[in-house]
K.L.:
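Just dropping this structure here.
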Number of protein chains: 2
Amino acid sequence: MPKISKKGRMMPESPIRKLVPYADEAKKKGIKVYHLNIGQPDIETPEVALNAIRNFKPKVVEYSHSAGIPSYRKKLVNYYKKHNIEITADEIIIGAGASEAILFAMQTCLDPGDEIIIPEPFYANYNGFATNAGVFVKPIFSSIETGFALPPIADFEKAITSKTKAILICNPNNPTGYLYSKEELDTLRDIVEKHDLYLISDEVYREFCYDGKKHYSAMHLKGIENNVILIDSVSKRYSACGVRIGCIISKNKEVMLTALKFAQARLSPPTFGQVAAEAAIDTPDSYFIDVLKEYLARRDVVVESINKINGAFCPEPSGAFYVVARLPIDDSDKFCRWLLEDFEYNNETVMLAPASGFYSTKGRGKDEVRISYVLNVDDLKSSMKCLEEALKVYPGKTN
Amino acid sequence: MPKISKKGRMMPESPIRKLVPYADEAKKKGIKVYHLNIGQPDIETPEVALNAIRNFKPKVVEYSHSAGIPSYRKKLVNYYKKHNIEITADEIIIGAGASEAILFAMQTCLDPGDEIIIPEPFYANYNGFATNAGVFVKPIFSSIETGFALPPIADFEKAITSKTKAILICNPNNPTGYLYSKEELDTLRDIVEKHDLYLISDEVYREFCYDGKKHYSAMHLKGIENNVILIDSVSKRYSACGVRIGCIISKNKEVMLTALKFAQARLSPPTFGQVAAEAAIDTPDSYFIDVLKEYLARRDVVVESINKINGAFCPEPSGAFYVVARLPIDDSDKFCRWLLEDFEYNNETVMLAPASGFYSTKGRGKDEVRISYVLNVDDLKSSMKCLEEALKVYPGKTN
């Protein structure tokens, strides 16, 4: 039997999915499991997007342009204009989700053996894409004490080597919900310019900003236009994760020409998803007003509930729909599994993501969990009650 | 400005797409261009697939399972049973087209620096996937004189080194249309077993077999079940290239577990495409009877027309919807460009793919072109008339 590749053996398992069998077991026992472990919102996809699919007219489902349907890219230009991001249709390549866009970015900019700096905790699949591209992730620590603000510039300087080719941020952040300030982005601008690095900015949660705070894009940074690569997706914006439509955007012509070669090799992004995503740009503003109001209420339930728990701490983030909370526990992997295997409160339990999976540095995040507030307020309240009760009886509690 | 990766610089440009600007120019001059350069059929997608999309009911377009929608994979098991391929749903991972499935296969089985043997001419994008995976393609020559039959076993033996991890075939073949016989597959079986290699078999044209010949799958080969990886796609089968749904299939559990890690990193394949592909399995047999009759008539037009041209030669392949023909020309790249830039017959011309792009060995295929017979018989007749007239006046003709 021939051997599996080293790369294949090194590919990380999804930290979120490894608990799924335990959740399935709990459900078999008749226990209701609240899923706060994944970023799959319950929010409805805008009607305008679904109707475009229901009215799909062509008789042949053809390949689209490798960079994406031209009319969709043109319409995206206007979407970005509304967010003060000035680009042309040629500066966009549509990918199968932000996932493919990030892979295109890494493969275009970094060679196997090169290093990419990412503030941790970070979106766990960055590890998978980096392994896929043969790239080493150099994490720098952002602390729950500061609400996961950008680490100090000295930490970046310390991490940069001759192998460093890029810095990757997610803003607003998954898993922390942290929204980077203009000042923090200016700091990144200076580091990127000084060392001539790529700045890959994953901004798929752009719309999800709270407390009157504004999203500041890496595309707004002056003087590093050829260094910045924007990653985007419609998955969260329109609660349309399954359409698998994202994009890579850059003003760097060489980057775009090269990314296009990767895009051409796989022929085209999904046609139906693009049709839905193009129509979704016409989603009325009222949709977002309602959605943001809903997420804000959810965030407040989660943050308040956790901070009331003895020994627990949850910063109040201003973006996305995640928090990373510190709990009085010995080991979040054990705790999250225990919640599914050995705990129930009124025949209910809650599924959380151990934060360890979002850290690249071993041992970090052991007393932290990521909570996705993707359920309605009532379900969240019940989930938080479960969590509170669980922490009273968990054998590995530390307070 | 930071540098592009070496890998990015090495990524091949699509040999089919590089002529597109010349075709666009011809069209601007009012010339009708017959597109025989790409594998985008004009055949209608089955109604049953389109209706499934038009009737899409869920209110949220959710991520599917990373390996694909369970009900779709279960239904695929029955599809393969009809083709005497016995597999379970767990032995299938759905990908974004055969493109992603091939990448998963290469990344799972081969490490950067490893070698994969492919009979040439071969589907040009295999080069892109290999470059992406850091893998070296070792071509072995199949000749137009034999109709592009499997090269002799001695040629495989000569090409195998300690770095060789896999043989990749496309059956029926793109670009040659060649359908491998049971005997040829048995030969491959023996080589694969002897050297313990992976056999990656791209069978996306399974349905397109002519002259009463039967398709014999690599999955039918006994004793190398852990070596065989089947690549498939619904793009050509249902003329649904834009849905971007394919799959990787193997009985090798380690291969599937590893491929799943790559699949999990990108979350899920496109939901809409899967819905269409699942419904497409119910396409009535009459659809394929009509489609095959149509393709057969087209093949006959192309093969007969070319063989009537002085100095030209076209084998009569028994599968897919391509031929590779030899023409009395100096250089197919020049000729195909000249057809678009400098030629018209009754204000029409034809766009072909230079076969050089399907060879990995430099200098090969210079007097060959690939023709996709994806247009109706009348258009094909007009195209062949253009080609005949062109060969009377082409400055680089060699006869």
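Sequence lines set the chain letters: A, B, ... in the order given, protein chains first and strands last, and positions in each chain run from 1. Just the heavy atoms: all of them, side chains too, but no hydrogens, waters or symmetry mates, feed the values below.
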K.L.:
To check you understand the geometry: which heavy-atom pair defines the closest contact between A/Pro2 and B/Asn226, and what is its length?
P.N.:
CD-O, 4.2 Å
K.L.:
Counting only heavy atoms not in B/Phe136 (residues, nucleotides, ligands), do more than 12 fall under 6.0 Å from its CZ?
P.N.:
no
K.L.:
Go through B/Pro41, B/Pro112, B/Ser66 and name the one with the most non-hydrogen pairs under 4.5 angstrom from chain A.
P.N.:
B/Ser66
K.L.:
Relative to chain B, which segment of A/Ser64 carries a heavy atom at a distance below 4.5 Å: side chain, backbone, both, or neither?
P.N.:
neither
K.L.:
At a heavy-atom distance under 4.5 Å, which candidate from B/Gly273, B/Ser268, B/Pro269 has the highest pair count against chain A?
P.N.:
B/Ser268
K.L.:
What distance do B/Lys3 atom NZ and A/Glu254 atom CD have between them, rounded to the nearest 0.5 Å?
P.N.:
10.5 Å
K.L.:
Determine the option with the most heavy-atom pairs under 4.5 angstrom with chain B, choosing from A/Tyr126, A/Phe56, A/Tyr238.
P.N.:
A/Phe56
K.L.:
So what's closer than 4.5 Å to chain B heavy atoms on A/Ile43: side chain, backbone, both or neither?
P.N.:
backbone
K.L.:
Grab the two heavy atoms, one from A/Gly39 and one from B/Tyr63, that are nearest each other, plus how far apart they are.
P.N.:
O-CE1, 4.2 Å
K.L.:
Quick one: NZ on B/Lys165 to CD1 on A/Ile4, what's the gap to the nearest 0.5 Å?
P.N.:
11.5 Å
K.L.:
Grab the two heavy atoms, one from B/Arg9 and one from A/Lys261, that are nearest each other, plus how far apart they are.
P.N.:
O-NZ, 3.5 Å
K.L.:
Could you measure the distance from the OG atom of A/Ser5 to the CG atom of B/Asp111? Nearest 0.5 Å is fine.
P.N.:
4.5 Å
K.L.:
Above 12 or not: heavy atoms from other molecules or residues under 6.0 Å from CD of A/Glu13?
P.N.:
no
K.L.:
Work out which heavy atom in B/Leu267 is nearest to a heavy atom in A/Ser99; give both atom names and the distance.
P.N.:
CD1-OG, 4.1 Å
K.L.:
Taking the side chain as C-beta and beyond, is there a heavy-atom pair between B/Gln40 and A/Val60 under 4.5 Å?
P.N.:
yes
K.L.:
So which residue, A/Met106, A/Glu62, A/His195, A/Lys6, ends up with the most heavy-atom pairs under 4.5 Å with chain B?
P.N.:
A/Glu62
K.L.:
Pick from A/Val243, A/Asn132, A/Val255: which one has the most heavy-atom pairs with chain B under 4.5 Å?
P.N.:
A/Asn132
K.L.:
I need the minimum non-hydrogen distance between A/Phe272 and B/Ala276, along with the two atoms involved.
P.N.:
CE1-CB, 3.9 Å
K.L.:
Atom CD of B/Glu225 and atom CE of A/Met1: how far apart are they, to the nearest 0.5 Å?
P.N.:
12.0 Å
K.L.:
Drop me the distance from B/Thr131's OG1 to A/Gln107's CD, to the nearest 0.5 angstrom.
P.N.:
11.0 Å
K.L.:
So which part of B/Pro46 gets closer than 4.5 Å to some heavy atom of chain A, the side chain, the backbone, both or neither?
P.N.:
neither
K.L.:
Which atoms of B/Asp42 come close to chain A, meaning under 4.5 Å heavy atom to heavy atom: side chain ones, backbone ones, both, or neither?
P.N.:
backbone
K.L.:
Could you tell me which non-hydrogen atom of A/Arg54 sits nearest to which non-hydrogen atom of B/Lys57, and how far apart they are?
P.N.:
NH2-O, 4.3 Å
K.L.:
Quick one: what part of B/Ala124 sits under 4.5 Å from any heavy atom of chain A, side chain, backbone, both or neither?
P.N.:
neither
K.L.:
Below 4.5 Å from any heavy atom of chain B, which atoms of A/Tyr123 appear? Answer side chain, backbone, both or neither.
P.N.:
side chain
K.L.:
With chain B as the partner, which of A/Leu197, A/Asn55, A/Leu260, A/Asn252 has the greatest number of non-hydrogen pairs under 4.5 Å?
P.N.:
A/Asn252
K.L.:
Between chain B and each of A/Ile53, A/Ile38, A/Asp114, count heavy-atom pairs under 4.5 Å; write down the option with the most.
P.N.:
A/Ile53
K.L.:
Rounded to the nearest 0.5 Å, how far does NZ of A/Lys7 lie from OG1 of B/Thr258?
P.N.:
13.0 Å
K.L.:
Which bit of B/Ile245 comes within less than 4.5 Å of chain A, counting heavy atoms only: side chain, backbone, both or neither?
P.N.:
neither
K.L.:
Pick from B/Ala98, B/Pro58, B/Ala166, B/Cys241: which one has the most heavy-atom pairs with chain A under 4.5 Å?
P.N.:
B/Cys241
K.L.:
With a 4.5 angstrom heavy-atom cut-off, could you sort out which part of B/Thr108 is near chain A: side chain, backbone, both or neither?
P.N.:
both
K.L.:
Taking salt bridge (charged side-chain N to carboxylate O under 4.0 Å, His left out) as the test, write out the residues that go with A/Arg189, two or more places apart.
P.N.:
A/Glu193
K.L.:
Which atoms of B/Arg244 come close to chain A, meaning under 4.5 Å heavy atom to heavy atom: side chain ones, backbone ones, both, or neither?
P.N.:
side chain
